[in-house]
Amino acid sequence: MTDRTIVLAFGTRPEATKMAPVYRAIETTPGLRPMILSTGQQRQMLDGALNVFGLTPDRDLNVMTDRQTLAGLTARIVPEAGKTLKEMGADMVLVHGDTTTSFCVALSAFYEGIPVGHVEAGLRSGSLREPFPEEANRRLTGVLTTLDFSPTSGSRANLLREGKDGGGIFVTGQTAVDAVREVAGRVPLRPEWQARVDAGQRLVTVTMHRRENQPMMREMAAALGRVAAAHPDTHFIYPVHLSPAVQEAVRPALEPVPNFELTEPLDYSDMAPLMAASVLLATDSGGLQEEGAALGVPVAVLRNVTERPEGLEAGVLTLAGNDPERLEAVLGGLLSDPATLDVMRRTRNPYGDGQASRRIAQAIAWHFGLVDRPADWS
Ligand code: UD1
């Protein structure tokens with residue numbers, strides 16, 4: 001029998017990072033052949049991520065435009081993705097998480113009758129506009145899928161509550177854990193940051209880019225600057241997203257702060273060891289919440305709600321919100337309280353054991369009748 005073609009479709013940097021281990025696991029599964037369809041939603045940031053993992057897309061829709069809108073992206077991806085998947089001979093397409101790429105590729109594949117597998121399925125914040133539009137994207141994608149790979153039993157329960165048939169849902173763990181452990185264990189910290197650690201300085205990694213935070217991002221950045229000014233012994237490193245809206249909000253507030261280093265977006269080979277060497281991550285990203293948990297690094301989440309409640313329950317995450325005064329108080333409090341940071345650091349990682357990608361590949365092989373149902377599946 002010819003191998004089944006499993007196309008991994010993605011377009012943003014975090015999707016590439018979290019799908020790279022899935023690609024490798026499928027590559028080593030007899031009977032399956034992985035291919036990559038890139039939408040190119042994030043041209044430069046995606047390409048940097050692909051380089052780190054040595055992946056090259058088989059097809060690229062190259063849809064990114066300057067100051068692109070969600071509607072424009074949708075209008076460029078939907079007509080092309082399904083058609084391209086057909087040309088690639090896809091027996092199944094895998095999408096990831098909650099981006100415009102994920103939802104639009106899933107919809108377009110569905111129109112073409114191509115089964116969709118959803119990696120990172122079932123996360124829910126419970127608030128349709130937070131994060132925006134990701135919470136809607138992940139719910140809409142979930143309607144279209146044949147297989148759902150949930151990182152935790154909680155995310156599986158969310159899908160069951162929405163009426164999904166449990167037979168296609170697999171609790172696998174988070175593939176971000178697979179990725180961050182592999183890279184952070186293999187690549188050293190940049191020498192200039194290592195020199196700071198050796199000199200006794202603490203590092204804090206900051207990221208902030210969410211659309212729903214953009215209206216108050218200037219004030220949030222100013223608050224972060226005040227926290228840094230109050231902790232001159234701590235070095236803050238913020239790789240600033242290439243989005244013009246983010247750049248324009250953040251740079252004026254933080255460039256003058258001496259212990260705030262603003263960098264270009266970092267490749268994962270720099271980002272993973274940086275996170276691992278930090279005493280705290282302050283972020284509105286989704287993935288960093290899991291990466292912090294996997295590395296045992298406390299995370300202050302710059303949002304009011306999270307779709308990753310397991311980290312809150314375990315104690316490695318705390319919600320700092322997006323109100324500037326509150327986030328200043330929460331971050332300032334944590335940095336002045338090493339004992340609490342220490343307790344957060346020593347909590348259990350609720351996002352899996354680093355075997356998520358292997359389980360996903362096995363579930364796909366089972367779906368196509370290539371293997372028996374392995375014993376360690378829920
Ligand atoms: C998208 C995802 C978000 C994810 C984030 C990671 C959606 C709805 N959201 O949001 O979940 O956390 O990616 O980065 O899909 N740009 C560049 N060069 C790049 C990348 C982006 O110039 O390499 C510009 C784009 O032209 C656009 C802006 O940055 O103007 C925003 O990028 P976009 O991918 O549309 O949305 P994000 O807010 O990054």
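Every number for a ligand or one of its atoms is a count from 1 in the order of the listing. Predicted model, so just to flag it, every value in this text is computed and none were measured.
Of all protein heavy atoms, the one closest to atom 39 (O) of ligand 1 is H241 NE2, 2.7 Å. Given atom 24 (C) of ligand 1, the protein heavy atom at minimum distance is S243 CA, 4.0 Å. Given atom 19 (C) of ligand 1, the protein heavy atom at minimum distance is Q44 OE1, 3.2 Å. Of the protein's non-hydrogen atoms, the one nearest atom 12 (O) of ligand 1 is H209 NE2, 2.9 Å. Nearest protein heavy-atom neighbour of atom 13 (O) of ligand 1: Q42 NE2, 2.7 Å. In this structure, the protein non-hydrogen atom closest to atom 8 (C) of ligand 1 is T100 OG1, 3.1 Å.
The option with the heavy atom closest to atom 37 (P) of ligand 1, from among R43, R138, R211, M45, is R211. Ranked by closest heavy atom to atom 16 (N) of ligand 1, the top entry among Q247, Q68, M64 is M64.
Proximity of R13 to ligand 1, defined as any heavy-atom pair under 4.0 Å, is not found for any part of the residue. Of the heavy atoms in P14, only side-chain atoms (C-beta onward) come closer than 4.0 Å to ligand 1. The proximity of P133 to ligand 1, defined as any non-hydrogen pair under 4.0 Å, is limited to the side chain. Using a 4.0 Å cut-off between heavy atoms, T65 contacts ligand 1 through its backbone alone, with no side-chain atom that close. Residue contacts with ligand 1, taken as heavy atom pairs separated by less than 4.0 Å, involve E134 solely via side-chain atoms from C-beta onward.
Comment: R138 engages E135 in a salt bridge, judged by a side-chain N to carboxylate O separation of less than 4.0 angstrom. Salt bridge R124/E307: absent, no basic N to carboxylate O contact under 4.0 Å. Taking the charged nitrogens against the carboxylate oxygens, R210 and E134 do have a contact shorter than 4.0 Å, which makes a salt bridge.
With hydrogens and angles left out, the side-chain atoms of K164 and T145 include a donor and acceptor closer than 3.5 Å. Counting only N and O atoms by type, the side chains of H231 and S336 include a donor and acceptor under 3.5 Å apart. Between Q41 and T12, the side chains place no donor N or O within less than 3.5 Å of an acceptor N or O (distance only, hydrogens not considered). For the 3.5 Å distance criterion, the side chains of R359 and Q355 fail to qualify, holding no donor opposite an acceptor. Side chains of D267 and N51: a donor-acceptor N/O pair is absent below 3.5 angstrom, by distance only.
There is no path of hydrophobic side-chain contacts, each under 4.5 Å, that joins M88 to V22. Both L262 and M217 belong to a single network of hydrophobic side chains, linked directly or stepwise wherever heavy atoms of I, L, V, M, F, W or Y lie under 4.5 Å apart.
For ligand 1, the atoms sitting less than 4.0 Å from at least one non-hydrogen atom of R67 are 26 (O), 30 (O), numbered in the order shown with element in parentheses. Of all atoms in ligand 1, listed by their number and element, those nearer than 4.0 Å to a heavy atom of R210 are 3 (C), 11 (O), 12 (O). Counting atoms of ligand 1 from 1 in the listed order, those under 4.0 Å from a heavy atom of L242 are 17 (C), 18 (N), 19 (C), 23 (O).
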